[in-house]
Amino acid sequence: MITGLSHVSIAVPSLAAAAKRLKAVYGLDVGAASVNDEQGVRLAYVDLPNARIELMEPARPDSPIAKFLEKNPGGGIHHFCLNVDDVSAVSAGIASKGARVLGDGKEGRNVHGERIAFVHPKDFLGALVELEEKKRDG
Ligand code: CO
């Protein structure tokens, strides 16, 4: 079951520059960065009362985010993320209705240790969607 919106993720050429701009213009605080080695990205978050903004900077040249930035040099929305109560159950449920779960339906883990999966953009109205397992009160 889908339980909420976790975050909207923006690919940026520079986390430091993005954080500076969000603070200067919008008064938003960007938290400390962490690295996801598997995906080759450096991540930082803005915590809002009901969701987060995720900022992603490539951590190495062959990162998928580096490829995204080649096409969108100024950065841009890369994906959004829905919370689900059970990644395996939701993945299996949507796959049974023809949606492609990337990575053979094998869930990964994000930098916070939560179980995640990605849905093919063509199977969600053109948007790349991440599913993140989180209990409603978690
Ligand atoms: Co994300």
Exercise for the section: Please lay out, stage by stage, how Arg115 and Ser88 fare under the test side-chain contact (heavy atoms from CB on, under 4.5 Å). Expected result: CA-CA 9 Å; Arg115 298 168 69 210; Ser88 302; 2.5 Å; yes
Exercise for the section: Could you please spell out the steps behind the side-chain contact (heavy atoms from CB on, under 4.5 Å) verdict for Asn110 and Glu132? Expected result: CA-CA 8 Å; Asn110 64 15; Glu132 179 183 84; 3.0 Å; yes
Practice task
For side-chain contact (heavy atoms from CB on, under 4.5 Å), just list the numbers for Glu133 and Asp86, CA-CA rounded to whole Å, side-chain angles, deciding distance to a tenth of an Å, and then say yes or no.
Solution key: CA-CA 6 Å; Glu133 186 168 297; Asp86 183 329; 4.0 Å; yes
Problem - side-chain contact (heavy atoms from CB on, under 4.5 Å) between Leu128 and Phe118, worked out - result: CA-CA 7 Å; Leu128 178 62; Phe118 283 90; 4.0 Å; yes
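Pairing each heavy atom of Asp123 with each of Arg100, the nearest pair is OD2-N, 2.7 Å. Of all non-hydrogen atoms in Leu5 and Cys81, the two that sit nearest each other are CD1-O, 3.4 Å. Taking every heavy atom of both residues into account, Ala11 and Phe68 meet most closely at CB-CD2, 3.5 Å. Nearest heavy-atom pair across Ala44 and Gly31 is CB-O, 3.6 Å. Nearest heavy atom pair, residue Pro61 against residue Ala66, reads O-CB, 3.3 Å. Glu57 approaches Ser14 most closely through the heavy-atom pair OE2-CA, 3.4 Å.
Residues Leu69 and Pro58 meet the side-chain proximity criterion, which asks for heavy atoms closer than 4.5 Å. Between Phe80 and Phe124 the shortest side-chain heavy-atom distance falls below 4.5 Å. Side-chain contact between Arg52 and Ser6 is present, with heavy atoms from C-beta onward closer than 4.5 Å. In this structure, Thr3 and Leu82 have side chains that are not in contact, with every pair of non-hydrogen atoms separated by 4.5 Å or more. Taking the side chain as every heavy atom from C-beta outward, Leu131 and Ser91 approach each other to under 4.5 Å. Residues Leu55 and Tyr45 are not in side-chain contact: their nearest non-hydrogen atoms beyond the backbone lie 4.5 Å or more apart. With a 4.5 Å cut-off on side-chain heavy atoms, Glu54 and Met56 count as touching. Leu48 has its side chain within reach of Ile53: a pair of non-hydrogen atoms, C-beta onward, lies under 4.5 Å apart.
Checked by atom type, the side-chain pair His7/Glu130 shows a donor-acceptor distance below 3.5 Å.
A donor-acceptor contact shorter than 3.5 Å is absent between the side chain of Asn72 and the backbone of Gly75.
No more than 12 heavy atoms of other residues, nucleotides or ligands lie within 6.0 Å of CZ in Arg21, so this atom counts as exposed by the packing criterion. Counting heavy-atom neighbours within 6.0 Å of Ile77 CD1, excluding the residue itself, gives a total of 12 or less.
Using a cut-off of 4.0 Å between Lys/Arg side-chain N and Asp/Glu carboxylate O, Glu114 and Lys134 are scored as salt-bridged.
For the pairing with His78, the side chain to side chain contact (heavy atoms under 4.5 Å, CB included) check across Val41, Val12, Ile65, Ile10 returns one residue only, Ile65.
A chain of hydrophobic side-chain contacts below 4.5 Å, direct or via other Ile, Leu, Val, Met, Phe, Trp or Tyr residues, connects Val30 to Leu28.
One finds the CG atom of Asn36 at 6.0 Å from the CG atom of Leu43 (value rounded to the nearest 0.5 Å).
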